[in-house]
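Just so we're on the same page: letters track the sequence lines, and every chain starts at 1.
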Protein chains: 4
Amino acid sequence: MNFASDNWAGAAPAVMSALARHNSGFEPSYGNDPISGSVNQTFNEIFERDVAVYFVATGTAANALSLAAYAKPGGVIFCHTDSHIQIDECNCPEFMTSGNKLVSVPGTNGKFTAEALSGTMTAFPYGVVHHGQVAAVSISQASESGTIYTPAEIAAIGEVAKSQGAALHMDGARFANALVSLGCTPAEMTWKAGVDVLSFGATKNGCWCAEAVVFFNPDDGRNFEFFRKRSGQLLSKSRFAAAQFEGYFDNGSWLSTARHANGMAARLDEGIRALGGKVAWPVEANEVFPILKRFQSETLKAAGARFHEYTATDWPETLAPAEDEVCFRLVASFATSEEDVETFLKAYADVI
Amino acid sequence: MNFASDNWAGAAPAVMSALARHNSGFEPSYGNDPISGSVNQTFNEIFERDVAVYFVATGTAANALSLAAYAKPGGVIFCHTDSHIQIDECNCPEFMTSGNKLVSVPGTNGKFTAEALSGTMTAFPYGVVHHGQVAAVSISQASESGTIYTPAEIAAIGEVAKSQGAALHMDGARFANALVSLGCTPAEMTWKAGVDVLSFGATKNGCWCAEAVVFFNPDDGRNFEFFRKRSGQLLSKSRFAAAQFEGYFDNGSWLSTARHANGMAARLDEGIRALGGKVAWPVEANEVFPILKRFQSETLKAAGARFHEYTATDWPETLAPAEDEVCFRLVASFATSEEDVETFLKAYADVI
Amino acid sequence: MNFASDNWAGAAPAVMSALARHNSGFEPSYGNDPISGSVNQTFNEIFERDVAVYFVATGTAANALSLAAYAKPGGVIFCHTDSHIQIDECNCPEFMTSGNKLVSVPGTNGKFTAEALSGTMTAFPYGVVHHGQVAAVSISQASESGTIYTPAEIAAIGEVAKSQGAALHMDGARFANALVSLGCTPAEMTWKAGVDVLSFGATKNGCWCAEAVVFFNPDDGRNFEFFRKRSGQLLSKSRFAAAQFEGYFDNGSWLSTARHANGMAARLDEGIRALGGKVAWPVEANEVFPILKRFQSETLKAAGARFHEYTATDWPETLAPAEDEVCFRLVASFATSEEDVETFLKAYADVI
Amino acid sequence: MNFASDNWAGAAPAVMSALARHNSGFEPSYGNDPISGSVNQTFNEIFERDVAVYFVATGTAANALSLAAYAKPGGVIFCHTDSHIQIDECNCPEFMTSGNKLVSVPGTNGKFTAEALSGTMTAFPYGVVHHGQVAAVSISQASESGTIYTPAEIAAIGEVAKSQGAALHMDGARFANALVSLGCTPAEMTWKAGVDVLSFGATKNGCWCAEAVVFFNPDDGRNFEFFRKRSGQLLSKSRFAAAQFEGYFDNGSWLSTARHANGMAARLDEGIRALGGKVAWPVEANEVFPILKRFQSETLKAAGARFHEYTATDWPETLAPAEDEVCFRLVASFATSEEDVETFLKAYADVI
């Protein structure tokens with residue numbers, strides 16, 4: 001019953017098999033291997049346009065370097081109060097952008113609206129040197145609360161961003177989970193809605209170590225090779241990353257693993273709600289955030305369930321944990337079994 | 001006949017097998033997995049003392065972050081004119097150290113002496129704010145010229161470094177190759193000779209993506225977790241790196257692969273010399289640097305040999321390439337076959 | 001009727017006279033002049049202990065470099081929501097600290113309490129690498145709202161800071177105004193209350209360009225000369241800064257100019273309140289923040305009054321400007337005349 | 001007999017008088033004062049085109065921020081081996097450019113040629129990510145050796161720079177000294193010869209604290225206000241800098257002070273040579289570099305002469321100091337008197 005994180009899983013079979021398939025023989029290093037070339041082509045197909053793709057080692061690096069490409073001296077980057085780049089990346093975005101400031105935009109359900117963004121941005125009028133200058137807007141898809149922006153919501157945010165000269169970045173650490181949840185195309189969820197650059201995460205959804213930065217306007221990435229190398233993110237045996245992506249995309253493996261993970265989360269959500277349990281946010285991807293009395297949560301742990309507590313700034317009004325309550329996060333991945341879900345729900349039924 | 005680089009090879013069998021062995025089930029992320037714990041213990045045993053070990057994604061990151069741990073405002077880092085950190089890392093050390101300066105120390109054979117270091121350091125007297133302050137000294141073992149510092153040479157350099165308050169860093173991208181060449185212990189080649197921090201490279205010698213920063217005085221690394229995370233180098237599925245190291249060390253696999261690579265390089269060297277060929281530097285690890293007329297080099301390429309040209313600043317006096325000559329680099333790895341070596345030598349015999 | 005800012009004034013007579021007095025002849029540059037030596041001694045006397053004093057060119061530099069001296073990789077710096085370092089320094093603190101994050105602590109009256117600080121800090125538990133590590137706490141004395149921390153309030157904040165391993169910085173852009181307002185000693189307002197480092201501002205209160213960073217534990221500044229020089233803040237003709245400070249301190253000139261400025265602000269405050277006007281915060285130093293209908297404010301401008309509008313995040317509950325209202329800032333300096341104050345109050349009486 | 005440095009002098013009378021003239025009353029801060037506006041216009045006239053001018057506090061800041069405006073990730077900046085930015089700025093250029101690398105170009109007489117630049121640049125071919133990317137070229141006018149580039153030499157360097165996509169920066173800490181020495185126009189010495197950005201130094205030649213960054217293509221400075229503010233270089237009482245420049249330019253004061261300084265240096269040079277003394281480099285501006293036996297130099301000091309020793313990397317072949325010799329630097333400024341020069345020459349005659 002392990003729901004601690006989707007990066008507690010190993011690599012999916014399709015990924016391991018691609019790694020084995022491409023292990024023998026010699027291939028050029030530093031991105032010049034033919035597997036990288038072919039995977040780049042797959043990215044073009046997935047996004048229905050020519051994109052510039054750069055592999056990096058971690059999701060944090062993907063986010064920070066995406067933002068570095070649009071950073072400015074005194075630059076300001078807008079993101080959700082509870083976003084990963086604001087809370088969980090140890091200032092990597094600030095460091096990689098040479099000191100751009102991350103300004104929080106509030107919003108319930110882990111998302112902010114175009115209106116909220118616009119409101120926050122008014123504190124940074126054009127040309128006022130003391131306050132810095134607008135550089136980028138970043139949204140997470142899926143969000144830290146496991147919720148999803150619709151293409152229309154993204155487009156509205158994108159318009160506000162563009163109107164202020166800001167680039168729009170999407171942190172897609174759980175891109176596939178969001179995609180299969182929406183049922184739209186990758187293009188509709190990104191550049192067609194105004195996204196300029198995407199952190200395309202594959203690690204959580206089935207790889208060992210496969211993250212990519214995708215520029216929808218390839219020219220925006222003209223300096224990116226240098227940003228990547230100067231931060232020690234250019235993998236020498238680059239075929240190793242390329243092979244993972246090849247396996248990831250093979251036969252739609254990535255969509256299957258994401259669907260499975262989302263399905264397991266939905267089952268958890270349904271089960272909990274059916275038992276009268278509280279869940280903080282709508283379950284739209286592969287994460288469920290139940291709220292329990294602390295002693296109930298401890299009983300679940302004692303029964304063998306693994307999960308982390310979760311603290312947000314923006315709680316839904318009616319659901320914020322009370323003094324004696326705790327919110328915890330259940331994350332499903334390709335490796336989550338139906339059995340584990342059922343076992344958990346039984347244990348949950350016992351404590352509630 | 002591929003001698004382009006040791007990072008053109010895939011992963012060694014022991015490494016692939018360890019990855020497969022540890023692929024199933026759930027393990028804590030971000031370095032808290034038990035495999036990491038056990039590998040850390042192996043590092044302690046290898047170095048005969050408690051060391052602090054941190055995995056990172058690339059050799060460049062290992063070098064730059066090692067140096068960041070000892071960086072100072074206005075800091076100066078001394079390294080060989082032709083060193084990787086000076087020439088081949090796109091200013092990653094400068095960036096990660098927030099602008100420390102890399103000052104070149106000259107020296108033949110890809111190495112500098114304690115005397116040369118001392119001489120270069122005189123331009124940076126203590127407390128002269130304009131010139132900056134001495135922060136660290138970095139040596140490469142094996143060097144970019146495929147040569148090796150003896151423990152005595154390292155110790156002499158270490159003494160100069162210490163006398164000026166500088167930490168001593170070793171870029172061990174080819175640590176194993178140097179180690180088996182010297183036949184000494186890892187401890188003798190490092191902390192017993194005054195090395196404070198080591199970039200322990202495993203990728204070139206048989207892993208996919210496995211590099212570690214090793215602090216011999218663990219307290220020196222007290223901030224390192226933060227340096228690592230803020231540069232996007234904390235791998236989420238950390239067991240993936242740990243498993244590679246486990247396989248790497250398993251049954252002395254790392255020493256075997258290094259011995260094989262060195263042996264192939266020695267065979268190339270002997271063969272070339274036996275044919276009256278010129279080789280720029282003594283072959284002490286897994287790299288050979290022949291010098292040929294340019295047309296001869298082109299003929300070799302046409303015969304199917306793959307290698308890169310190499311340009312140094314410090315040529316051995318009697319061997320610097322003439323106008324119509326070119327120096328090229330042959331790198332052997334665990335994947336280099338005896339057949340390829342023999343084929344190459346036959347082709348070489350034909351052109352010379 | 002110019003109340004736009006205390007840096008719209010020139011230099012006070014004592015300062016101009018010291019500059020003239022020290023203009024002739026040759027003096028060592030870069031801080032080695034005897035005037036600097038003598039001024040440093042004056043600082044020791046003022047603070048009743050040996051302090052380490054470093055002149056820099058601007059208040060922003062003083063703040064950012066003070067913080068740089070205590071920065072950490074992934075470091076977090078706590079400051080008021082409306083503080084100058086958070087709002088008005090174009091990310092200079094983030095840049096100079098290589099990406100430390102400024103986290104806002106809320107609080108009314110431009111100040112935060114020890115409790116509020118403690119609450120905000122709980123989101124940054126020790127050793128959680130994702131969130132970064134606590135580095136420093138910064139308070140402004142006087143605050144952006146023209147209010148003042150009592151020594152007891154500072155001490156309480158200092159205790160929270162120390163308990164979390166954070167240094168305590170004071171932004172003293174208006175240090176003298178706060179000092180004469182409290183009527184305590186400089187020591188009581190700083191190191192005796194737990195302050196580690198002070199941005200000692202003299203420009204606003206009568207100099208041309210004279211700011212200093214003061215370390216109360218001189219060893220904390222051991223690297224500061226290098227921080228200063230690497231950011232281009234080491235003045236070559238350093239006697240020019242030293243001379244200003246000499247004039248500033250001469251015969252208590254700095255206390256007189258501050259008292260005058262505070263007195264003018266108090267007169268404005270009393271006058272406005274006597275006329276039934278609203279003032280956002282208690283006037284404790286040299287700034288007054290009246291709230292008027294926008295048309296009234298425009299009428300005042302038309303009458304020749306110069307001031308800036310002011311926007312805060314933390315408004316006093318009962319005083320936040322309504323839709324049709326505006327808060328504006330009146331700043332008094334040594335150059336503010338009683339006449340101007342009276343003229344303003346007459347104009348104010350006309351519009352209210 | 002003080003020849004230690006031109007920044008051991010105070011401020012010239014025209015500068016002091018302008019400061020006094022503009023001291024009273026209120027003026028907008030942060031560069032919005034009318035004096036700044038009028039001085040900017042003077043810069044346009046001096047350079048015969050519309051330029052963008054930004055005041056900063058120090059020459060080091062002017063250099064580093066000029067380069068920051070053209071920096072790139074992994075960027076490389078070419079400068080003379082003995083240049084101030086390479087040797088004497090405590091890595092400020094590296095810091096302000098977020099880790100660009102300063103690569104030395106050799107050359108006698110403190111200058112490098114277009115050919116030498118071109119040769120050094122070949123190690124940085126376009127698009128090789130490991131080596132970084134060409135960003136800028138910097139020359140010093142006058143050089144650290146007191147020599148001067150002719151407009152033709154600058155133009156040749158500018159052509160090489162442009163052909164590689166590099167901006168051309170001029171460190172004009174002693175701009176006026178070079179200008180009056182050449183007898184050309186400011187335009188001919190700068191943008192007409194390909195200079196993109198200039199550190200216009202006025203401090204050494206008669207101001208207290210007045211340095212400017214001048215962009216000849218104003219659009220190149222579009223982000224400069226943010227670069228300046230984020231490094232704490234935006235002076236609050238900006239009229240103070242503007243007034244100095246006003247006095248500096250008044251009635252050609254700056255040219256007179258430079259002519260005087262150069263004349264004093266020429267007199268020193270002639271006197272020393274007439275006595276059979278050695279001088280390391282041609283005296284083309286306001287610096288003289290005699291070479292003496294160490295005991296002779298000590299005798300001069302004992303006689304009351306103040307100067308610094310000087311160490312270069314690129315010595316003129318026939319003049320490099322022998323073991324028992326020392327090179328020292330004599331700097332003349334507006335404050336250097338003929339009497340001091342004569343007294344020095346007499347003392348020199350006694351020791352030689």
Side-chain angles (χ1 to χ4, degrees), chain A residues 28-32 36 52 54-56 61 64-77 91-101 124-136 165 213 215 220-236 238, chain D residues 28-32 36 52 54-56 61 64-77 92-101 124-136 165-166 213 215 220-236 238:
Chain A
S29 50
Y30 298 123
N32 300 311
S36 289
Y54 301 89
F55 306 146
V56 296
L65 290 173
S66 292
L67 296 169
Y70 297 96
K72 299 178 180 171
V76 179
I77 295 162
N91 307 358
C92 187
E94 285 91 341
F95 182 67
M96 291 295 181
T97 59
S98 297
N100 278 224
K101 188 191 284 281
F124 300 88
Y126 183 78
V128 178
V129 71
H130 311 287
H131 300 349
Q133 55 183 336
V134 166
V213 173
F215 289 97
D220 287 359
R222 64 194 170 286
N223 268 322
F224 198 79
E225 282 203 57
F226 296 93
F227 278 118
R228 179 172 63 174
K229 177 76 184 179
R230 87 156 182 195
S231 59
Q233 292 284 344
L234 176 57
L235 297 167
S236 54
S238 48
Chain D
S29 52
Y30 299 123
N32 300 312
S36 290
Y54 301 90
F55 305 146
V56 296
L65 289 173
S66 291
L67 295 169
Y70 297 96
K72 299 178 181 173
V76 179
I77 296 162
C92 187
E94 286 92 340
F95 182 66
M96 291 295 180
T97 59
S98 297
N100 278 224
K101 189 190 284 281
F124 300 87
Y126 182 77
V128 178
V129 71
H130 311 287
H131 301 348
Q133 56 184 338
V134 166
V213 173
F215 291 96
D220 288 359
R222 65 194 169 286
N223 269 321
F224 197 80
E225 281 203 59
F226 296 94
F227 278 117
R228 179 172 62 174
K229 177 76 183 178
R230 86 156 181 193
S231 58
Q233 292 284 344
L234 176 58
L235 296 167
S236 53
S238 49

Subject >> chain D contact via Y30(A) - side chain, backbone, both or neither, heavy atoms under 4.5 Å >> reply: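 The answer is the side chain of Y30(A).
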**OP:** Mind checking side chain to side chain donor-acceptor pair (under 3.5 Å) for N223(D) and listing every partner two or more places apart, or none if nothing turns up?
**Re:**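 Scan of N223(D) (side chain to side chain donor-acceptor pair (under 3.5 Å), adjacent residues dropped) gives Q133(A).
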**OP:** Can you sort out the partners of S29(D) under side chain to side chain donor-acceptor pair (under 3.5 Å), two or more places apart, ordered by chain and number?
**Re:**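 For S29(D), the residues satisfying side chain to side chain donor-acceptor pair (under 3.5 Å) (neighbours in sequence not counted) are N7(C), W8(C).
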**OP:** Spell out the residues in residues 228-235 of chain D that have some non-hydrogen atom less than 4.5 Å away from a non-hydrogen atom of chain A, in order of number; otherwise answer 'none'.
**Re:**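 Interface residues of residues 228-235 of chain D: K229(D), R230(D), L234(D).
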**OP:** Considering only heavy atoms, give the residues of residues 65-74 of chain A separated from chain D by less than 4.5 Å, sorted numerically, with 'none' for an empty result.
**Re:**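 Residues P73(A), G74(A) are the ones that qualify, each having a heavy atom under 4.5 Å from chain D.
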